[in-house]
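When reading the values below, keep in mind they use all heavy atoms of this one structure, side chains included, and skip hydrogens, waters and symmetry mates. Throughout, numbering of the chain's residues begins at 1 and tracks the sequence.
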Amino acid sequence: MKVCREAVSGRFAKNGEDMLKVLVGDIDWYKQLSIREEIVGISQRSCRVRRERHFRGFDPLEREFSDEELRQRYRFGRETIGYLSDLMRGDLERGTNKETALSVEQQVMIALRFYGSGSHLQVVGDTMGFDKSTVSRVIDRVTDSLVAMKDDFISWPDNQRKNVIRAGFYEKAGFPNVVGCIDGTHIRITGPSIDEPAFVNRKGFHSINVQAICDHEGRFTNISARWPGSAHDSHVFRTSAIGQHLENGYQGIGQGVLLGDSGYPCRQFLLTPYRQPAAGRGQARFNRRHCSTRSTIERTFGIWKKRFHILGSEVQFNSLQINIVVI
């Protein structure tokens, strides 16, 4: 019996030593494997070739778009886009030789795509292959450049130009001595967090009340975009620079007159229609010709908003930013 116990205990001791050897061997093997993997990883990282970066943006002018296709997408043809690019080249050209730098033409067309579509920045970026942040910066630069040049294109006519405008309006409906038609239009905006009720107009949505004057060709000669939607047209005109200029400096009928709707006060320099024309043909005829002539500004607003959809949709800007974009 004693011999059996010794034999059994010896066998267990021997097995325990074998198991310990196996366990120690496994630990050493795992250590060696870990070291080998680390060496291989370092070797692979040191030999890894950097992947080439790919930029998805493209220059639409390099594609074979016809003028009609360009107008559908960017609201202007190739010649006009080139003219705008040359006009803003000094402001938009970047002083860098990076291959990824946007050309002036690309920047102009990104902004035109945004103005024309009224889409979100992300949508414009996805359409043209640029990041949202890039689109935002480009739109800011192009808009600032255009606003800096606004006086070169939106200006009150001199005497020589007034004569041309008078003749143009007279040919339309026989109304004499008209140098401009005035009206207001509402540009829908997202409700601001500050003074929100002031931006709710009479139609119940948030807006900016934009006052504009145009000539017989539908060109703007004056524009003001700084009043919230609740402001009345007469108040906007009375406090505007052109309103104060005419109120204080008008020297008589020889300087011409503006035509406005019944929302404006009738003045020597601003003629409005008769609210209740008297019997007879005189006042009724005056109203008909007044309406036919004044409708020029309404058609101009319609063309303006149809070409640049950002003005007809809800603009995702604060009141200060939308003032700049509208101008």
Between [X] and [Y] (side chain of the first, backbone of the second, donor and acceptor by atom type, cut-off under 3.5 Å), is there such a pair?
| X | Y | value |
| --- | --- | --- |
| R78 | F65 | yes |
| N177 | I253 | yes |
| H186 | R202 | no |
| H232 | S234 | yes |
| S155 | D152 | no |
| Y274 | Q276 | no |
| D233 | G263 | no |

With rounding to the nearest 0.5 Å, note down the distance linking [atom1] in [X] to [atom2] in [Y].
| X | Y | atom1 | atom2 | result |
| --- | --- | --- | --- | --- |
| H216 | C181 | NE2 | SG | 11.0 Å |
| I182 | I297 | CD1 | CD1 | 8.5 Å |
| I242 | I223 | CD1 | CD1 | 13.0 Å |
| S145 | M88 | OG | CE | 5.5 Å |
| F286 | C291 | CZ | SG | 11.5 Å |
| S230 | D195 | OG | CG | 7.5 Å |

Quiz item: Using the benzene-type ring in the case of Trp, are the ring centres of H235 and W227 under 6.0 Å apart?
Solution: yes

Heavy-atom side-chain proximity of [X] to [Y] below 4.5 angstrom:
| X | Y | result |
| --- | --- | --- |
| P157 | D215 | no |
| T239 | R226 | yes |
| E247 | R267 | yes |
| Q106 | F130 | yes |
| Q211 | N222 | yes |
| L70 | M109 | yes |

Grab the two heavy atoms, one from [X] and one from [Y], that are nearest each other, plus how far apart they are.
| X | Y | answer |
| --- | --- | --- |
| A284 | P277 | N-CB, 4.1 Å |
| R113 | T127 | NH2-CG2, 3.3 Å |
| L311 | I187 | O-CD1, 3.6 Å |
| N209 | A231 | ND2-O, 2.9 Å |
| L102 | I110 | CD1-CD1, 4.1 Å |
| C214 | F169 | O-CZ, 3.9 Å |

Quick check: is [Y] connected to [X] through a chain of hydrophobic side chains (ILVMFWY, heavy atoms under 4.5 Å apart)?
| X | Y | result |
| --- | --- | --- |
| I189 | F301 | yes |
| Y170 | V164 | no |
| F308 | I303 | no |
| F76 | V138 | yes |
| V210 | I213 | no |

Quiz item: Using 30° and 60° as the class limits, which term best fits the ring planes of F269 and F237: parallel, tilted or perpendicular?
Solution: tilted

Quiz prompt | side chain to side chain contact (heavy atoms under 4.5 Å, CB included) evaluation trace for F153 with L87 | solution = CA-CA 12 Å; F153 299 93; L87 199 65; 3.7 Å; yes

Practice problem: Output, in order, the C-alpha distance, side-chain angles, deciding distance and verdict of side chain to side chain contact (heavy atoms under 4.5 Å, CB included) for K162 and W156. | Solution: CA-CA 9 Å; K162 282 182 179 179; W156 192 244; 3.8 Å; yes

Exercise. Report yes or no: is the cationic atom of R188 (NZ for Lys, CZ for Arg) closer than 6.0 Å to the six-membered ring centre of F205, at no more than 45° off its axis?
Key: yes

Quiz item: Between R75 and Y115, is NZ or CZ placed under 6.0 angstrom from the six-membered ring centre and within 45° of the ring axis?
Solution: no

Practice problem: Could you verify whether a donor N or O on one side chain and an acceptor N or O on the other, from Q283 and N287, lie under 3.5 Å apart? | Solution: no

Self-check item: Polar contact flag, side-chain donor to acceptor under 3.5 angstrom, S295-R299
Solution: yes

Take a 6.0 Å sphere around [atom1] of [X] and say whether it holds more than 12 heavy atoms from other residues, nucleotides or ligands.
| X | atom1 | answer |
| --- | --- | --- |
| Q244 | CD | yes |
| E217 | CD | yes |
| F220 | CZ | yes |
| Y83 | OH | no |

Self-check item: Verdict with reasoning, V179 to R166, per side chain to side chain contact (heavy atoms under 4.5 Å, CB included)
Solution: CA-CA 6 Å; V179 296; R166 286 189 181 98; 4.1 Å; yes

Quiz item: Is R89 salt-bridged to D86, cutoff N-O under 4.0 Å?
Solution: yes

Practice problem: Run the numbers on R161 and D158 for side chain to side chain contact (heavy atoms under 4.5 Å, CB included), then give the verdict. | Solution: CA-CA 5 Å; R161 179 61 183 168; D158 56 21; 3.2 Å; yes

